[in-house]
Undergrad: 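Dropping a structure here in C-alpha cells format, bear with me for questions.
Reminder, nothing fancy here: chain letters follow the sequence lines and each chain counts from 1.
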Amino acid sequence: MTRKTTTLTFFPTDITYHIKDGKAVITLFGRTTDGTQICILDDTFEPYFTVVGGTEEELLALKQDSAHVTRVEKTTRNLNETPTDCFHVFVDLPKSVPLIKDLAREKEYDCYEFDILFTRRYLIDRNLTPLVETIAEAERIPSKNKVETYLAKKITQHRTNTLTKPRALALDIETYNPDNKLNSKQNPILMVGLYGDDFTRVITWKDWPKRSDYVEVCASEADMLKRTVELIEQYAPDMLVGYFTDGFDFPYLSERAKHHKLELPLGLDNSPLEILGRSEKEAKICGIPHIDLFKFVRRVIARSLKTDSYSLDAVSKELLGAQKLPVDMNALFKLWDEPTSELDVFAQYNLQDCKLTYDLFHKLLPTLLAFVRLIHLPPFDINRMAYSMLVEWYLIVLASRQGEIIPRKPGYNTESSRIKDRIQGAFVYEPKPGLYSGIAVFDYRSLYPSIIASHNISRGTVNCSCCTDGPTIETDRGTFRYCQKRKGLFARTISNLILVRADIKKQLKKNKDPFLAAQSEALKVLANSFYGYMGFAPARFYCIECAESTTAWARHYIHQAIDTAKSRGFQVLYSDTDSVFLLLEKKTKEDALKLMEEINEKLPGLMELDYEGYYPSGIFVSVKAGEGGAKKKYALLSETGDLKIKGFETVRRNTSYIAKDCQERVLEIVLKERDTEKAKQYVRSIIDGLRKNTIPLDKLIIRTQLTKDTDKYASVGPHVAVAQRMKARGDSAGAGTIVKYIVVKGKGKIRDKVKLPDEATQDEYDGEYYITNQVIPAVERIFAVLGISEEDLAGTAGQSSLSSW
DNA sequence: ATTATCCGGGG
DNA sequence: GTGTACGGATAAT
C-alpha cells in the first residue's frame, strides 16, 4: 500500500491538467537536475472563481447537469483596491466554471476570475514559476507516459536556479511547391530537418546522387512522418523550436498525417500534436513547449530590431550575422520529380534553416527566460503574448498574490466605448528652423513610469474617499486626486520594477551576464508599457483617468523645466514629451548642469531630469521647404563627432542610397565644418557625377515594397512595372516582395524607363531623374535653412525651373 | 485627418 | 480550453 516518497529537484517546462476519477489533476513536465525527464502530478488543486454577492446557501445550490458547486469559502479580497467580502466558489471540474458562472450571473451576483485558466491559477496560487528549480516530495506511480511519473505530496520553490540550458531541438520542413502553391492537402512534405546539440538530420523519402551524410531516406512520406516522431522522442528535447512553425510547419505536418490516417503522438503523454485556434494558429505538444520564434520576434523583439521584415533570413542576418542558403525555390519541385545531385542543395538549405533557428533560439533565450521569471507563466504562453498581455499578466499575478480580485475583460460594448476615449498627448515646443551652436539636451528619465510611481497613480487610488485634500491634476477629463494614504497597485508595481532594475543594473556593472542584461531590458520595457496599457481598450485594468493624469503631469513637468530654464536666461530651442533642448549662447555647460540640479530639487519621488548631452552644433529643418514648424526633423553633432539624425528619410521607401548618402554628407559638412559653400559644391559634384554617369550603379537602386499582387494595382507605377518585368522573366513578385529597380534614360513615363539592377548598365541610368527626384528633394530643406535656393544649389540661378537643365 | 482592410511568415 | 489576436501600413471615405 505505502510507496516510497522521494525528493525530486527539477525544472518544470510545461504544465497541463487531465481528468482522473472525476477530478482535475495538474500535470507538470520537466527535467531533473540530473537530466531525467519526468512528470509530476498534483491532485490537490480545486477549480474556483470569485463571487461578490449572494449567500453561501444560494451559491452551493447552483447546478447544471453534472456541473456543480463542491464548496464555498467566505473570504475578504480587494475589489478595485478596496477590501470587500466575497466568496470563492469551488466547482467539480474546470469546465464547470463557465457554466456555474452563468447561473450565478443570472441571479445578478458579481462574478470574477472565471476566465483565469486552471493551470495559470495553479501557478499563481501555489507561487510557482516555470523553468525555476522546484523541489517535489513525491512517489513514483505507474503510468503510460513516455517519462517517469510521480504523484506529488508537496511542491516548493526557492527561486534560485533557472533552466538556462534547456535541451533544444529545431525543426523545419520543405514541401512540394509547384507554381508557388502552398497546399497541405495536395502537396507532400519532402524533407524534415532537425538540428540540436550534436545532432543534425534531414529526413526525406527519395534518394539522389551524392547526398549529404546527414540525410536519411525513408520509403514514403508516411514513413518519414513516423520517423520524425521517433527521432524527436529519442532526442527528448525540453523545447521544440521553429520559425513560423505555429502557422506553417506543424499545421502542415498535422494535415499530412491526417492525409495518411496517421497520428503524430509527440506528446509526453502520447497525445497527438494539436493545432489550436482559428485565424492565428498555435501548435501544441503536451509536455514539450513549442517555441515559435517568429511570434516572439514579431511581438516582443521587433521594436529593438532595425529590420522591417521578420523573415528568418532578415532576422538571422541582423541578430546572428548569418543567412539562409540562397536557392531558387521554384527549382525544388522540378528536382524532386527528377532527382539529381542538385537536390542535395535543398537538404543543405533545410538544415541551414534549422541551424539558424537553433542559434536564434539561444540568442533570444535570455529574453524569453527573463519574461518567464517575471511573469510566472509557462514559456509556451510567454512566447505568444503581445506586450499588452505581458503587462496584463504581470499585473494579474502580482495583484492576485496581493489579494486583489482580477477585473473582468471588457465586453464588446465597453470596449467600443473605450475606443472613443481620447487622451490629450504630450507637449511639443516646435523649434524655429535654423542652424544653431551650443545645444544642451536634458530629458526626464523614464518619465511616464516615474510619474505613475511618484504620484501614486492607480485605478484604486484615483479620487479616493479617504483623503479629500492633497495635490490634484487638471485634465480635459476633469480634476483628479490620488490617495495619500494607501499605495496603489500600479504605483507599487511600477516602483518595484524600477527598483529591481536599478539593482540588476548594479550587478550588471560587475558581471556582463546576458541573462541579467535581458532581465534589465525586460523590466524596462514592462515599465514603459504601463502607460499605454492603462489606456488600452481591451485591458482588464483599464484606467483612462490614470492615463490622462499621466500625460497631464508630464506636460506639467516639461513646462516646469522650460519655465525654470527661461527664468535663468536660457533660450529654449525645442522640446518634445520628455526632453528639452537649450541654446547655451553665452552660458556654459556648468550653468546648464546647475540648472538641472535646481529643477531636480523640486521633483517628487523617483522623478529625475537627466543630462543627455552637449552638442556643439545642430540644425533644425522644416518639414515643408521654406515654412516653419519643424517637428522632429533635426540633426545634432556630438562632442565626439558623431551625427545624430532624427526624422530625415531613410533608405526604405522609394529612396536611393545616393540620396541618403548625399543628405548625410551635407549634414556632416554643415555641422562639422560649418562650410555652406563646401556643402553646395559637394551637391554640385554629385549632380555632375549623375550627369556624367560616374556614380556607381548600386547607389541608384530604388526599393519599394509591393502592397498587393501586380494585377490588383489600378495604376501601374514604376514598382509595379518592375514586378511585371520580374514575373516575365520567371522570378516571383507578389504582395510583400521588395522590388529593386533603376530608372534609365528613355522616353515616356517613369514606368517605361525602369530596369532591374542586373539588367541596367552604368551608362544608361537617367541622371536627371535622380537629380530632380532623389538628390534635390533630400537636401533642399537643409539648404533652405541656410538661405540657399534650389536654383542656386544646382548652379542654375536665373533659369526658370529645374526641368530646364 | 480618420477609418477600414490587408497582411505578415512559411515553400 | 475556466481563452485569444495584433500591430503596422496602406487604401478608402
Undergrad: Give a yes/no answer on whether the side chain of A:Tyr310 brings an N or O atom under 4.0 Å of OP1 or OP2 in B:dG10.
TA: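 No.
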Undergrad: Please confirm whether the backbone N or O of A:Gly242 pairs with a side-chain atom of A:Thr357, one donor and one acceptor, at under 3.5 Å?
TA: no
Undergrad: Which value, in whole Å, describes the distance between the C1' atoms of nucleotides C:dA5 and B:dT5?
TA: 16 Å
Undergrad: Whole angstrom is fine here: how far is it from CD1 in A:Ile275 over to P in B:dG10?
TA: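 To the nearest whole Å, that distance equals 18 Å.
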Undergrad: Treating A:Asp42 as the side-chain partner and A:Thr44 as the backbone partner, does any N or O pair qualify as donor plus acceptor under 3.5 Å?
TA: yes
Undergrad: Identify all pairs in which a protein N or O lies below 3.5 Å from an N or O of nucleotides 1-5 of chain C, and state each distance.
TA:
from: C:dG1; atom 1: OP1; to: A:Lys284; atom 2: NZ; distance (Å): 3.3
from: C:dT2; atom 1: OP1; to: A:Phe118; atom 2: N; distance (Å): 3.3
from: C:dT2; atom 1: OP2; to: A:Tyr17; atom 2: OH; distance (Å): 2.5
from: C:dT2; atom 1: O4'; to: A:Pro94; atom 2: O; distance (Å): 2.9
from: C:dT2; atom 1: O2; to: A:Phe114; atom 2: O; distance (Å): 2.1
from: C:dT2; atom 1: O2; to: A:Asp115; atom 2: N; distance (Å): 3.3
from: C:dT2; atom 1: N3; to: A:Ile116; atom 2: O; distance (Å): 3.0
from: C:dT2; atom 1: O4; to: A:Tyr48; atom 2: O; distance (Å): 3.4
from: C:dT4; atom 1: N3; to: A:Glu282; atom 2: OE2; distance (Å): 3.4
from: C:dT4; atom 1: O4; to: A:Glu282; atom 2: OE1; distance (Å): 2.7
from: C:dT4; atom 1: O4; to: A:Glu282; atom 2: OE2; distance (Å): 2.5
from: C:dA5; atom 1: N7; to: A:Ser279; atom 2: OG; distance (Å): 3.3
from: C:dA5; atom 1: N1; to: A:Glu280; atom 2: OE1; distance (Å): 3.0

Undergrad: Look at all strands and tell whether A:Leu312 reaches a base, only sugar-phosphate, or nothing, counting heavy atoms closer than 4.0 Å.
TA: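 Counting heavy atoms under 4.0 Å across all strands, the contact made by A:Leu312 is with sugar-phosphate only.
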Undergrad: How many whole angstroms separate atom CG of A:Leu305 from atom P of C:dG7?
TA: 16 Å
Undergrad: Please report, rounded to the nearest Å, how far the C1' atom of B:dG10 is from the OH atom of A:Tyr252.
TA: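 Atom OH in A:Tyr252 sits about 10 Å away from atom C1' in B:dG10.
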Undergrad: Between B:dG11 and C:dC6, how far is it from one C1' atom to the other, in whole Å?
TA: 25 Å
Undergrad: When the distance from CZ of A:Phe294 to P of C:dC6 is rounded to whole Å, what number comes out?
TA: 15 Å
Undergrad: Across the strands shown, which category fits A:Tyr122 at heavy-atom distances under 4.0 angstrom: base, sugar-phosphate, nothing?
TA: nothing
Undergrad: Does the A:Ser388 side chain pair with the main chain of A:Tyr533, one donor and one acceptor, at a distance under 3.5 Å?
TA: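 It does not hold such a pair.
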Undergrad: Are A:Arg384 and A:Phe380 in a cation-pi setup, meaning NZ or CZ lies under 6.0 angstrom from the ring centre and within 45 degrees of the ring axis?
TA: yes
Undergrad: Could you give all pairs that pass the salt bridge (Lys or Arg N to Asp or Glu O under 4.0 Å) test and reach residues 100-111 of chain A, with sequence neighbours left out?
TA: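 Listed by first then second residue: A:Asp110-A:Arg408.
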Undergrad: For A:Phe90, does its backbone N or O pair with a side-chain atom of A:Arg71 as donor and acceptor, under 3.5 Å?
TA: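 Here the side-chain-to-backbone pair does not exist.
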Undergrad: At under 4.0 Å between heavy atoms, what does A:Arg303 touch on the DNA or RNA strands: base, sugar-phosphate, or nothing?
TA: nothing
Undergrad: So what does A:Leu99 touch, heavy atoms closer than 4.0 Å: a base, only the sugar-phosphate, or nothing?
TA: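 Contact class for A:Leu99: none.
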Undergrad: Considering only heavy atoms, which members of residues 353-361 of chain A lie under 4.0 Å from some atom of DNA chain C?
TA: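 Those residues: none at all.
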Undergrad: By the 4.0 Å heavy-atom rule, please label A:Asp249 as base, sugar-phosphate, or nothing.
TA: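 Nothing, no nucleic acid heavy atom in range.
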Undergrad: Please report the distance, rounded to the nearest Å, between CG in A:Asp313 and P in B:dG11.
TA: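 My rounded result for the distance is 11 Å.
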Undergrad: Do we see a donor-acceptor contact under 3.5 Å between the side chains of A:Asn350 and A:Asp172?
TA: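 Yes, side-chain donor-acceptor contact under 3.5 Å.
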Undergrad: A:Ser388 side chain: which of B:dG9, C:dG7, B:dG11 is closest?
TA: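 Within the option list, the nearest is C:dG7.
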Undergrad: Quickly work out the A:Leu171 CG to B:dG10 P distance and round it to whole Å.
TA: 15 Å
Undergrad: For a quick check under 3.5 Å, do A:Tyr195 and A:Asp353 share a side-chain donor-acceptor pair by atom type?
TA: no
Undergrad: Rounded to the Å, how far apart are A:Asp308 CG and C:dA9 P?
TA: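 The distance from CG of A:Asp308 to P of C:dA9 comes to 7 Å, rounded to the nearest Å.
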Undergrad: Rounding to a whole Å, what distance do you find between A:Glu392:CD and C:dC6:P?
TA: 10 Å
Undergrad: So does A:Trp336 get a backbone contact from the side chain of A:Trp208, meaning a donor-acceptor N/O pair under 3.5 Å?
TA: no
Undergrad: Which part of the nucleic acid, if any, lies within contact of A:Lys281, taking any heavy atom under 4.0 Å across all strands shown: a base, the sugar-phosphate backbone alone, or nothing?
TA: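 No contact.
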Undergrad: In terms of side-chain heavy atoms, does A:Asp269 have a donor or acceptor partner in A:Ser271 at a distance below 3.5 Å?
TA: yes
